[in-house]
Amino acid sequence: MNYNIALLKGDGIGPEIVDSAVKVLEKIGAKYNHTFNFTPYLIGGCAIDATGAPLPEETVKGCLASDSVLLGAVGGPKWDTLPGNLRPEKALLGIRAALELFTNLRPAKLYPALKGASPLRADIVEKGFDLMIVRELTGGIYFGERGRRDGKYGPEAYDTEAYSRMEIERIGRVAFETAMKRDKKLVSIDKANVLETSRLWREIMHEMSKEYPEVEYSDMLVDNAAMQLVKNPRQFDVIVTSNMFGDILSDEASQITGSIGMLASSSLGNTKRGLYEPIHGSAPDIAGQNKANPIATILSAAMMLRYSFDLSEEAKCIEDAVDRVLEKGYRTADLLGGSNETPLTCTEITEKILEEL
Ligand code: NAD
């Protein structure tokens with residue numbers, strides 16, 4: 001089969017890690033007889049430098065015409081002082097909206113081989129954990145009305161959150177279905193003791209839970225969830241939550257796995273076309289030094305094979321290769337946590353993964 005993949009390398013370590021994932025996809029293509037055609041497009045700071053806009057029209061068109069999209073990361077200090085609508089991060093919100101990607105699936109798995117890298121106490125991570133955060137991606141406060149105005153105490157700024165029944169139901173459906181495919185446990189996280197949007201969210205999730213009697217459903221307030229994630233992450237299987245809470249909790253979940261450089265994500269809508277990206281940023285502090293961990297991007301490519309192209313065997317082949325590389329003790333700098341072992345570079349660990357495929 002032939003698959004057309006739009007590549008959005010972006011800024012910082014983006015080009016390095018996307019190049020690694022492309023090598024892995026090419027090898028998998030050769031092994032299983034698929035052709036992956038890659039077309040690069042500009043996004044983020046590099047797009048601002050070249051065209052003046054963080055998300056050029058050509059990029060949106062190219063992504064819409066592709067079968068799926070692989071993204072590195074955007075942003076960096078060079079563009080930090082630009083006004084809000086010209087910031088590289090604006091492109092992320094823009095491309096998610098243009099592709100109508102309302103779901104973000106973020107797995108957080110503690111690899112047995114990386115137990116030592118987790119900042120949590122050994123007894124907490126002894127048995128590992130494997131959870132999936134289902135984050136709503138195109139609604140809520142990140143897309144609400146915002147602005148500046150004169151307030152009671154002088155100039156003030158405001159952001160607003162709105163969620164419709166339709167938006168909550170469609171993300172709820174993805175979450176319940178995801179739970180059905182895993183351990184059938186779903187926790188919905190909200191702030192229903194304060195926010196009206198959370199109260200509607202909770203009401204609808206409760207209604208939907210009746211359609212899924214096999215799923216053990218519960219609610220949790222976001223402040224408690226932040227604590228429970230570090231106290232007992234094993235209690236979670238699937239988590240569903242709003243855009244902003246999901247943004248924050250998934251970064252917390254990534255940290256307790258040991259490295260932000262390990263975690264993939266996929267953003268999906270109503271079609272098979274998805275946007276696959278590591279959850280970390282552009283890591284400007286190590287950009288261009290061949291130090292980045294490409295595994296999150298490689299695992300994102302594996303998710304693309306599974307969710308966009310229905311190539312589960314090929315996806316598993318990549319995931320197993322990553323497992324074996326870690327079990328053999330190969331580590332990039334971010335996974336060594338201050339030990340004095342010599343880390344592998346981005347290209348070296350990519351080579352190790354290619355050898356295992
Ligand atoms: P970051 O994720 O880029 O980096 C945080 C820390 O983790 C840094 O020390 C970095 O070196 C390290 N790190 C991240 N990914 C790594 C990898 N693959 N291998 C090894 N180490 C890795 O977050 P930040 O520093 O807060 O943000 C830097 C820039 O990235 C900012 O401009 C921010 O806006 C942007 N950002 C982009 C995205 C995205 O493109 N999706 C997400 C978050 C942040």
Side-chain angles (χ1 to χ4, degrees), residues 7-21 24 41-49 54-55 59 69-84 86-97 99 101 104-106 108 114 117 119 135 137 142 243-244 246-267 274-301 322 326 330-338 343-350 353:
L7 291 183
L8 309 182
K9 297 185 182 184
D11 309 311
I13 59 169
E16 303 163 47
I17 54 181
V18 170
D19 287 348
S20 291
V24 168
Y41 296 97
L42 295 171
I43 192 165
C46 60
I48 296 174
D49 289 349
L55 182 62
T59 299
V69 184
L70 185 64
L71 169 74
V74 301
K78 183 176 175 192
W79 306 281
D80 274 352
T81 50
L82 291 172
L86 271 182
R87 294 284 297 270
E89 294 75 12
K90 186 81 185 165
L92 293 179
L93 302 183
I95 192 72
R96 287 170 188 161
L99 298 176
L101 306 172
N104 190 214
L105 295 181
R106 290 193 174 202
L114 293 181
R135 168 188 169 196
L137 206 56
Y142 292 176
N243 202 344
M244 183 167 67
D247 189 5
I248 298 165
L249 292 176
S250 55
D251 271 12
E252 185 187 1
S254 73
Q255 202 49 49
I256 58 174
T257 63
S259 171
I260 197 162
M262 294 292 303
L263 296 179
S265 84
S266 70
S267 305
L275 174 72
Y276 297 83
E277 58 181 314
I279 72 150
H280 58 73
S282 59
D285 52 335
I286 55 164
Q289 298 171 38
N290 202 14
K291 285 184 183 165
N293 182 351
I295 293 178
T297 316
I298 289 170
L299 293 174
S300 300
V322 169
L326 294 172
Y330 297 117
R331 304 279 186 271
T332 43
D334 55 306
L335 300 177
L336 286 173
L344 261 60
T345 62
C346 181
T347 39
E348 283 167 346
I349 202 148
T350 306
I353 295 168

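Indexing begins at 1, ligand by ligand and atom by atom, following the structure's order.
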Point to revise | pair P54-V74: side-chain heavy atoms closer than 4.5 Å | key: no
**Study point:** Check: D11 side chain, A73 main-chain N or O, donor-acceptor pair, under 3.5 Å
**Key:** no
Check your understanding: Do the side chain of S300 and the main chain of Y276 share a donor and acceptor less than 3.5 angstrom apart?
Key -> no
Exercise for review: Step by step, work out the side-chain contact (heavy atoms from CB on, under 4.5 Å) result for R106 and D251.
Suggested key: CA-CA 10 Å; R106 290 193 174 202; D251 271 12; 3.8 Å; yes
Review point. Considering only heavy atoms from C-beta outward, does the side chain of R331 approach that of P343 to under 4.5 Å?
Key: no
Check your understanding: Does K9 come within less than 4.0 Å of D19, counting only side-chain N to carboxylate O?
Key -> yes
Review point. How would you list, by chain and number, the residues with a heavy atom under 4.0 angstrom from ligand 1?
Key: I13, A73, V74, G75, G76, E89, L92, I260, G261, E277, H280, G281, S282, A283, P284, D285, I286, A292, N293, D334
